[in-house]
Amino acid sequence: MTIAIIEDVDNKTLELDYPVAVGESDRQYYLKPAALFNYMQDLAAKGINHYNPKYCWDELYKQGLGWFLIKFRVEFDNYPRHISQINLQTESRGCQRLNAFRDFEAFDKSTGERLFRATSSWLIVNLDDKSLVNVQQQYPDFPLFEKREDDLVMKKVRAFDTPDFEKTFHVRYDDLDINGHVNNTVYITWAMEVLDYEFRSMHVLKSMDIYFKHEVQYGEDILSQVKYDKENLVTEHVVRKLSTGEELCLIRSEYSKI
């Protein structure tokens, strides 16, 4: 999955350098997952504006519409550690019916070493009635998705019945994004926070699959659950609305030992 920055004849690609702040690394100097996803979310917003301003967040919002991230897969070559600056690249891969697709690649700015690659799926949603917009029909000039041999494949993520551990959280004002809903990166923080200290200290992410199912509002209470497969170094996560048990986000992560 190579992003062709040099061949950006249609404004489909964009790259930016992101300096890593001190507070974005953990006690072992690994980049915090939420910070990493914040970079990609930021570049996705800049990337769609770079491609065509009429699809940008602000213009869609004027029409009562918004971009929503639905699925994400990231695979790490080397999980970012002792990194001062990340070169992040993104490419709009076009749409297929309801879904628009976007890829990412990241490199250590100082060495040129590739850190990870990722792929994502997005929807345009009516903010009032929550109906979905058929991107391919509504915006016929939006490029169509064309599959490549080296594309990442987003894996299915399923819920489980009996968690090994769970923890509750309360939705704060600072958890909200520009649409007034909890930002996608917060779900990742809720999921990772349920892992025990020893496991987090001894393992680093190898891959992550995320399925964002439903939004959550300010003031609600959240239940984050995890199930371990320590033999295969896999964790499965379900983030639920505490009051109803509704599934909000599903995550499956694979790890390597540090």
Worksheet entry | Gap separating the CZ atom of F212 from the CG atom of N184, nearest 0.5 angstrom | 4.0 Å
Worksheet item: Under 4.0 Å between a Lys/Arg side-chain N and an Asp/Glu carboxylate O for E246 and R240?
Response: no
Worksheet item: Taking the hydrophobic residues Ile, Leu, Val, Met, Phe, Trp and Tyr, and joining any pair whose side-chain heavy atoms are under 4.5 Å apart, which ones share a cluster with I70?
Response: Y61, F68, L98, L123, V125, L127, L132, V157, F160, Y211, V238, L250
Practice prompt. Check D151 against F145 and note the closest heavy-atom contact, atom names and distance.
Written response: OD2-CZ, 3.8 Å
Worksheet, complete the sentence: For residues 199-208, the side-chain hydrogen bond (donor to acceptor under 3.5 Å, both in side chains) pairs (sequence neighbours left out) are S207-E254
Discussion item. Applying ring-ring contact (aromatic ring centres under 6.0 Å, His included), can you list everything that pairs with Y29, at least two apart in sequence or on another chain?
Written reply: H82
Discussion item. Quick check against the 3.5 Å criterion: does K167 have a side-chain atom that pairs as donor or acceptor with the backbone of L223?
Written reply: no
Response to the item:
What one should report as the nearest heavy-atom pair of A106 and I86 is CB-CG2, 4.0 Å
Fill in: salt bridge (charged side-chain N to carboxylate O under 4.0 Å, His left out) partners for K147, two or more places apart
none
Response to the item:
Residues at least two apart in sequence or cross-chain that pass salt bridge (charged side-chain N to carboxylate O under 4.0 Å, His left out) with D17, listed by chain then number, are K109
Worksheet item: Hey, is the main chain of A45 close enough, under 3.5 Å, to the side chain of D42 for a donor-acceptor pair?
Response: no
Fill in: Close aromatic pair by centroid cut-off 6.0 Å: F116 and Y79
no
Worksheet item: Would a 4.5 Å heavy-atom cut-off, applied to side chains only, mark T235 and F199 as touching?
Response: yes
Worksheet item: If you look at every heavy atom in R114 and N78, which pair is closest and at what distance?
Response: O-ND2, 3.8 Å
Discussion item. Between Q136 (side chain only) and R97 (backbone N and O only), is there a donor and an acceptor less than 3.5 Å apart?
Written reply: yes
Worksheet item: So how far is it from N11 CG to N52 CG, rounded to the nearest 0.5 Å?
Response: 8.5 Å
Worksheet item: Is it true that M202 and V234 fall in one hydrophobic cluster, defined by side-chain heavy atoms closer than 4.5 Å?
Response: no
Worksheet entry | Any side-chain heavy-atom pair of T189 and Y187 under 4.5 Å | no
Discussion item. If the condition is side-chain hydrogen bond (donor to acceptor under 3.5 Å, both in side chains), which residues does D164 pass it with, not counting sequence neighbours?
Written reply: none
Fill in: From H237 atom NE2 to I188 atom CD1, the distance as rounded to the nearest 0.5 Å
10.5 Å
Worksheet item: Sequence neighbours excluded, which residues qualify as salt bridge (charged side-chain N to carboxylate O under 4.0 Å, His left out) partners of D141?
Response: K54
Discussion item. Pair N183, Q41 - check side chain to side chain donor-acceptor pair (under 3.5 Å), show working.
Written reply: CA-CA 10 Å; N183 188 280; Q41 185 170 268; 3.2 Å; yes
Item to complete: Name all residues meeting the salt bridge (charged side-chain N to carboxylate O under 4.0 Å, His left out) criterion together with D175; count only those two or more places apart in sequence or in a different chain, and write none if there are none.
Response: R172
Item to complete: Sequence neighbours left out, what passes side chain to side chain contact (heavy atoms under 4.5 Å, CB included) with D58? Give chain and number order.
Response: C56
Worksheet item: What's the spacing between Y55 OH and S92 OG if we round to 0.5 Å?
Response: 9.5 Å
Practice prompt. Determine, using the 4.5 Å side-chain heavy-atom cutoff (strictly less than), whether F101 and I48 are members of one ILVMFWY cluster.
Written response: no
Practice prompt. Evaluate the side-chain proximity of I83 to L31: yes if any heavy-atom separation is below 4.5 Å, no if none is.
Written response: no
Practice prompt. May I ask you to decide whether E91 forms a salt bridge with K12, counting only side-chain N to carboxylate O separations under 4.0 Å?
Written response: no
Worksheet item: Does L233 offer a backbone N or O that forms a donor-acceptor pair with the side chain of D229 under 3.5 Å?
Response: no
Item to complete: Return yes if some donor-acceptor pair links the side-chain N/O of R102 with the main-chain N/O of R93 below 3.5 Å, else return no.
Response: no
Worksheet item: Ignoring hydrogens and geometry, is there a side-chain-to-backbone donor-acceptor pair from T13 to T90 under 3.5 Å?
Response: no
Practice prompt. Would you mind reporting whether T168 and D221 have side-chain heavy atoms less than 4.5 Å apart?
Written response: no
Discussion item. Can you confirm whether more than 12 heavy atoms, excluding those of K130, are under 6.0 Å from its NZ atom?
Written reply: yes
Worksheet entry | Check: Y30 and V204 side chains under 4.5 Å, non-hydrogen atoms | yes
Worksheet entry | Taking every non-hydrogen atom, the tightest pair across W57 and W122 | CH2-CZ3, 3.9 Å
Response to the item:
The ring-ring contact (aromatic ring centres under 6.0 Å, His included) partners of F72 (sequence neighbours excluded) come to F37, F104
Practice prompt. Indicate yes or no: at least one non-hydrogen side-chain atom of M154 is less than 4.5 angstrom from one of T119.
Written response: yes
Worksheet item: Around Q63, counting heavy atoms of other residues, nucleotides and ligands shown, do more than 12 lie under 6.0 Å from its CD?
Response: yes
Worksheet item: Taking NZ, NE, NH1 and NH2 as the nitrogens, is one of them in R73 or E75 under 4.0 Å from a carboxylate oxygen of the other?
Response: yes
Worksheet, complete the sentence: From the list E215, E220, E247, salt bridge (Lys or Arg N to Asp or Glu O under 4.0 Å) partner of K241 resolves to E220
Worksheet entry | Residues clustering with F107 (ILVMFWY side chains joined when closer than 4.5 Å, directly or via others) | none
Worksheet item: Run the salt bridge (Lys or Arg N to Asp or Glu O under 4.0 Å) check on D196 and K230 step by step: do they pass?
Response: CA-CA 12 Å; D196 64 74; K230 292 189 177 181; 3.8 Å; yes
Worksheet item: If you group Ile, Leu, Val, Met, Phe, Trp and Tyr by side-chain heavy-atom gaps below 4.5 Å, do V135 and L144 land in one group?
Response: no
Item to complete: Carefully, step by step, assess L16 and K46 under the rule side-chain contact (heavy atoms from CB on, under 4.5 Å).
Response: CA-CA 10 Å; L16 286 175; K46 290 180 170 65; 3.4 Å; yes
Discussion item. Suppose we call two aromatic rings close when their centres sit under 6.0 Å apart. Are Y228 and F165 close by that rule?
Written reply: no
Discussion item. Using every non-hydrogen atom in the two residues, find where S253 and M208 come nearest and quote the distance to one decimal.
Written reply: OG-CE, 3.3 Å
Item to complete: Kindly compute the distance separating CG (N99) from NZ (K71), expressed to the nearest 0.5 Å.
Response: 8.0 Å
Worksheet item: Does some side-chain heavy atom of W190 sit less than 4.5 Å from a side-chain heavy atom of V171?
Response: yes
Worksheet item: Which pair of non-hydrogen atoms, one from Y39 and one from A21, has the smallest distance, and what is that distance?
Response: OH-N, 4.5 Å
Worksheet item: Does the pair Q89 and N87 meet the rule for a side chain to side chain donor-acceptor pair (under 3.5 Å), with working shown?
Response: CA-CA 7 Å; Q89 306 175 3; N87 173 256; 3.0 Å; yes
Practice prompt. With sequence neighbours excluded, tell me which residues meet side chain to side chain contact (heavy atoms under 4.5 Å, CB included) with S110.
Written response: D108
Item to complete: Side-chain contact test, heavy atoms from C-beta onward, threshold under 4.5 Å: evaluate it for L115 versus F76 and give yes or no.
Response: no
Worksheet item: At what distance, to the nearest 0.5 angstrom, does OG of S224 lie from CG of L242?
Response: 11.5 Å
Worksheet item: Should the pair F142 and W67 be assigned to parallel (<30°), tilted (30 to 60°) or perpendicular (>60°) ring geometry?
Response: tilted
Fill in: Shared hydrophobic cluster, Y197 / V226 (ILVMFWY, side-chain heavy atoms < 4.5 Å)
no
